[in-house]
K.L.:
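My structure is below; once you've seen it, I'll send some questions.
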Amino acid sequence: MSIRQLEKTYDPKTVESRWYRTWEARGYFHASPSNPGAPYCIVIPPPNVTGSLHVGHALNHSLQDILIRWRRMQGRNTLWLPGTDHAGIATQNVVEKQLMAEGSSREALGRERFIERVWEWKAASGNTIINQQKELGESCDWDRLRFTMDEGLSKAVVEVFVRLHEEGLIYRGERLINWCPRCLTALSDIEVEHEDVKGKLYSISYPLEHDPNRALTVATTRPETLLGDTAVAVHPEDPRYNDLIGRRVRLPLTRRTIPIVGDALLVDREFGTGAVKITPAHDFNDFEAGERHRLPRLAIFDHQALLEMSKLKAAMVEEDLASSLAGLPVGKARPKIEQALRDRGFLVKIEDHKMAIGKCYRCKTIVEPYLSPQWFVKTKPLAEPAIEAVTSGRIRIIPEGWVNNYLGWMRDIKDWCISRQIWWGHQIPAWYCRSCNSRFIHEESITNASGASTTRTTLLHGAVPIVARSAPTWCPVCGGTEFLRDPDVLDTWFSSGLWPFSTLGWPEQTPELATYYPTSTLVTGLDILFFWVARMIMLSLKFMGDVPFRDVYIHALVRDAEGQKMSKSKGNVIDPLHVMEQYGTDALRFTLASMASPGRDIKLAEERIEGYRNFANKIWNAARFSHLYLDGPREERPVAERSFPDRWIVSRLQETIQRVNDELESYRFDRAAGTLYQFIWHEYCDWYLELIKPALQSGSDATASATRQTLAETLEVIMRLLHPFMPFLTEEIWQTLPHEGESVMIQPYPAPDPLRRAPEIEQRFLLLEQAVGLVRTARVLLNYPPAQPVWFSVAHDDAERHKQLDDLRPHLAHLARGTADIDSSVMQPDGNRLRLVSEGLSVAITVTGDVDLQKALDRIVKQEEEQEKEMGRLQSKLANQEFTAKAPAEVIADHRQRLKSLQADQLMLQNSEGQLRAMLKV
RNA sequence: GGGCGGAUAGCUCAGUUGGAAGAGCGCUGCCCUUACAAGGCAGAGGUCACAGGUUCGAUCCCUGUUCCGCCUACCA
């Protein structure tokens with residue numbers, strides 16, 4: 001097929017699916033430990049299995065594919081390992097919503113049936129994102145696709161859990177944890193998003209017991225929790241109150257009295273009144289203070305954040321108040337409490353107060369500190385090696401700016417709550433002997449609205465688990481044979497924390513593990529640095545004894561054109577699939593790569609993508625152009641014997657090869673893409689292809705055949721160089737060019753060859769570019785249409801340059817469209833020629849016909865003014881004695897040279913001005 | 001509250017040892033010149049946020065201020 005017959009515009013659609021299928025069918029993506037080359041491995045950050053590709057994935061995956069294709073072409077044994085994450089809460093929420101729409105619920109279905117239902121949903125929708133990844137061109141080894149709940153990965157999860165438990169690094173305990181009252185599960189600290197809100201600060205008076213005339217005033221943002229207060233704290237060294245420590249206050253709205261304790265950690269004497277209420281069951285600080293003073297923990301609301309009658313009774317809340325509060329959600333109870341306090345005269349004042357509230361990162365419901373038994377990972381011992389791995393440089397974080405972020409979090413790490421009270425996920429491998437733990441196992445039958453009844457099992461604090469790789473058959477304590485498995489599942493990030501080694505076969509010692517671990521690079525967004533990256537580092541060091549990856553490249557977040565976070569509710573989401581459909585996949589990939597500057601978020605606007613769509617089209621047409629001439633004979637010559645344009649483009653291509661490789665080496669995708677864009681469009685297309693047209697059109701002489709060879713050769717190299725960024729376009733074009741091998745994606749990546757650089761040729765090109773530019777400017781000044789030939793002469797102050805101009809004359813004439821003389825007489829005044837001068841180079845263009853001389857004059861006068869300003873600046877600088885005394889000699893020389901050149905230009909411009917004025921009078 | 005990043009052309013952003021301010025898009029003018037009008041050529045447009053300091057010289061280094069953004073946090 002000849003490209004010549006193809007459309008004038010590049011049509012990505014017909015090209016993309018065809019090549020992807022071919023690559024995949026030929027097994028190019030498949031990696032094997034026995035393949036030659038040094039291993040290069042990336043594990044993909046597993047997207048949610050039921051998700052679909054959003055623009056954040058598109059960025060993340062494009063960058064990885066660029067690295068992978070680049071390294072593969074470099075001859076590395078390259079593995080890009082794909083997979084998906086079961087995404088516990090997120091997926092469960094999706095399926096629950098579906099059930100709700102059907103009028104059902106997970107409780108109605110029961111646990112087993114519900115989990116089956118999620119697997120069905122996974123089977124139905126799990127391939128969506130995989131197929132979308134293929135549309136993006138991702139060269140993953142799909143034979144090694146993993147899922148966090150695969151058999152192998154589940155085995156790894158159990159193994160890690162059991163071993164950590166054996167070492168005492170996993171424990172079960174009753175703690176105050178973050179609880180989502182909608183998802184009905186515990187969350188880890190980092191699963192809580194903080195949001196600043198305008199709240200109120202309530203000052204409430206607590207009267208002293210036996211002393212109605214004195215009272216302690218406490219301040220709180222959550223007056224409803226006062227019902228669960230079990231003490232009031234003051235600073236032990238606060239002279240206002242320390243005599244009261246040990247006495248008691250009456251707790252408003254209840255029939256209880258509570259002690260006054262001294263606590264220097266909890267109380268800031270400067271804040272509020274200096275007295276703090278303590279509610280150990282509903283506040284993290286208070287919980288710890290409660291531990292210090294051995295205070296009882298009185299919860300007043302339940303797992304749905306509803307006030308509960310039995311609890312209110314236990315807290316000895318006034319009966320009538322209790323009955324009006326029971327069943328209310330926390331938010332609704334607050335105004336009632338406020339009113340009750342006001343009625344009884346306890347409310348001192350209410351002030352505005354800005355505060356942060358925590359929300360569930362999955363459903364945005366306000367989370368509550370909630371007291372319950374949970375499983376935790378003791379993280380301090382795991383964090384120490386994880387800190388060392390980064391400070392020692394065994395793991396590089398790029399850009400470096402995030403290192404402190406990472407270290408700060410690691411050094412201040414809290415224990416990790418890993419149990420979740422949901423059903424979808426890895427169920428915790430812990431069992432409870434029913435006879436030993438009968439006191440701690442609560443089972444109640446629940447009949448829901450639809451009449452179905454299920455059993456709700458609650459494991460109370462104090463139950464003793466048996467942690468094992470599989471269900472125990474008898475109890476070592478009492479010999480019992482009936483067990484209850486812990487109903488909780490693990491935090492979804494627990495399994496993804498094992499990703500770099502579990503996907504390679506661990507705990508088996510596989511060849512894959514031996515070859516590809518540690519992996520090479522992790523490409524990820526900042527948003528999961530703590531969720532995922534930190535945990536992988538800790539767990540990998542623990543279980544593999546080595547880092548999980550050498551480099552962590554952290555890229556930016558993609559925002560919309562206004563810099564807003566993209567979200568479905570805002571309606572500002574850019575759908576990558578839509579963009580790919582409209583502009584082509586390569587255009588999207590190239591856009592994302594160009595915008596991936598470190599340390600800055602990406603504001604993605606569609607116009608940018610359109611610009612790179614045009615770039616793809618430009619390349620397409622460069623290829624079409626080449627094919628107009630490639631059929632003729634081609635003659636390979638040593639570079640040194642080729643024509644000036646050929647030697648120039650070969651040299652420029654070398655520089656480009658060098659720079660693209662260097663930039664990729666340092667993860668500067670933006671600069672690598674920019675280099676390619678600049679070279680291909682503005683050097684290869686704008687100059688080289690224009691320069692060689694006369695030679696190509698001259699037919700079949702030796703110069704023409706040599707030029708054809710260079711044309712084919714450079715285009716072929718460019719396709720290889722560009723392939724990681726624009727895989728589809730480059731493959732399509734490469735296949736039409738003279739080449740060896742069956743696909744560009746498995747060809748060697750261009751490597752720099754210093755011998756092909758030609759600095760003196762590049763220098764000469766700059767002279768040509770300058771001369772052509774001057775003629776074109778003059779042409780515009782005189783309003784000559786581009787097609788109209790012009791007569792002009794050029795000269796240079798410098799004898800050597802002047803001689804070079806002579807060699808460049810044919811190119812100059814061609815590019816400037818006209819007849820060129822290289823003529824020193826240009827320096828002399830002449831009645832009908834307009835002279836322009838720039839840095840020693842003079843151009844005189846013959847004025848014929850009707851031209852707007854006034855316009856030309858205006859422009860020249862303006863240019864003169866600008867030059868004058870600059871000369872003034874330079875002169876005063878050089879006159880500055882301190883400058884000339886202290887500045888480096890070469891800087892001074894530079895400035896002198898520049899000034900001299902400007903002065904010469906100025907003279908010539910004045911000359912031109914004079915000529916123009918003279919012509920105008922005629 | 002603490003930490004980090006940003007502020008450069010109308011817009012989005014480069015600018016890495018301090019020494020003549022750059023790109024893309026947009027805009028203006030002229031061109032359908034047989035690869036490409038999704039194009040070509042030539043242009044306009046900037047006190048490099050503000051105020052100090054170091055220096056012969058600062059977009060770049062230091063200090064402070066203002067405005068954005070992010071991360072983090074138990075100040076009730």
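Order of the sequence lines sets the chain letters (A, B, ...), proteins ahead of strands, with each chain counted from 1.
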K.L.:
For Arg589(A), give me all partners under side chain to side chain contact (heavy atoms under 4.5 Å, CB included), at least two apart in sequence or on another chain.
P.N.:
Ser62(A), Asp65(A), Ile66(A), Arg69(A), Leu136(A), Thr585(A), Asp586(A), Pro727(A)

K.L.:
Just the atom pairs and distances: protein N or O near nucleotides 59-63 of chain B's N or O, under 3.5 Å.
P.N.:
none

K.L.:
Would you mind classifying the nucleic acid contact of His682(A) as base, sugar-phosphate or nothing, using non-hydrogen atoms under 4.0 angstrom?
P.N.:
sugar-phosphate

K.L.:
Given the C1' atoms of G15(B) and U59(B), what is the spacing between them in whole Å?
P.N.:
9 Å

K.L.:
Tell me which nucleotide among C70(B), C13(B), C25(B) gets nearest to the side chain of Leu526(A).
P.N.:
C70(B)

K.L.:
Going by the salt bridge (Lys or Arg N to Asp or Glu O under 4.0 Å) test, which pairs reach into residues 403-415 of chain A, not counting sequence neighbours?
P.N.:
Asp412(A)-Lys414(A)

K.L.:
With a 4.0 Å cut-off on heavy atoms, is Tyr677(A) in touch with a base, just the backbone sugar-phosphate, or nothing at all?
P.N.:
sugar-phosphate

K.L.:
Have a look at Val267(A) and say if it touches a base, only the backbone sugar-phosphate, or nothing, with a 4.0 Å heavy-atom cut-off.
P.N.:
base

K.L.:
Tell me the stems RNA chain B sits in, counting at least three consecutive Watson-Crick or G-U wobble pairs, each under 3.5 Å on both distances.
P.N.:
B:1-7 with B:66-72, B:10-13 with B:22-25, B:27-31 with B:39-43, B:49-53 with B:61-65

K.L.:
Could you check whether the rings of Phe590(A) and Phe615(A) sit parallel, tilted or perpendicular, using 30° and 60° as the cut-offs?
P.N.:
tilted

K.L.:
Kindly list each side-chain donor-acceptor pair under 3.5 angstrom involving residues 678-696 of chain A, sequence neighbours excluded, with atom names and distances?
P.N.:
{"from": "His682(A)", "atom 1": "ND1", "to": "Asp686(A)", "atom 2": "OD2", "distance (Å)": "2.8"}
{"from": "Glu683(A)", "atom 1": "OE1", "to": "Arg652(A)", "atom 2": "NE", "distance (Å)": "3.4"}
{"from": "Glu683(A)", "atom 1": "OE2", "to": "Arg652(A)", "atom 2": "NE", "distance (Å)": "2.9"}
{"from": "Glu683(A)", "atom 1": "OE2", "to": "Arg652(A)", "atom 2": "NH2", "distance (Å)": "3.3"}
{"from": "Tyr684(A)", "atom 1": "OH", "to": "Leu711(A)", "atom 2": "O", "distance (Å)": "3.4"}
{"from": "Tyr684(A)", "atom 1": "OH", "to": "Thr714(A)", "atom 2": "OG1", "distance (Å)": "3.1"}
{"from": "Tyr688(A)", "atom 1": "OH", "to": "Asp646(A)", "atom 2": "OD1", "distance (Å)": "2.7"}
{"from": "Glu690(A)", "atom 1": "OE1", "to": "Lys693(A)", "atom 2": "NZ", "distance (Å)": "3.3"}
{"from": "Glu690(A)", "atom 1": "OE2", "to": "Lys693(A)", "atom 2": "NZ", "distance (Å)": "3.2"}

K.L.:
Using the side chain to side chain contact (heavy atoms under 4.5 Å, CB included) rule, take Asp268(A) and His235(A) through it: C-alpha gap first, then chi angles, then the decisive distance, then the call.
P.N.:
CA-CA 7 Å; Asp268(A) 173 359; His235(A) 197 280; over 6 Å; no

K.L.:
Would you call the rings of Trp409(A) and Phe530(A) parallel, tilted or perpendicular, where under 30° means parallel and over 60° means perpendicular?
P.N.:
parallel

K.L.:
Treat primed atoms plus P, OP1 and OP2 as sugar-phosphate and everything else as base, then score nucleotides 33-39 of chain B 5' to 3': B for base contact with protein heavy atoms under 4.0 Å, S for sugar-phosphate contact only, - for none.
P.N.:
B-BBSBS

K.L.:
Determine, using ring centers only, whether Phe883(A) and His895(A) are less than 6.0 Å apart.
P.N.:
yes

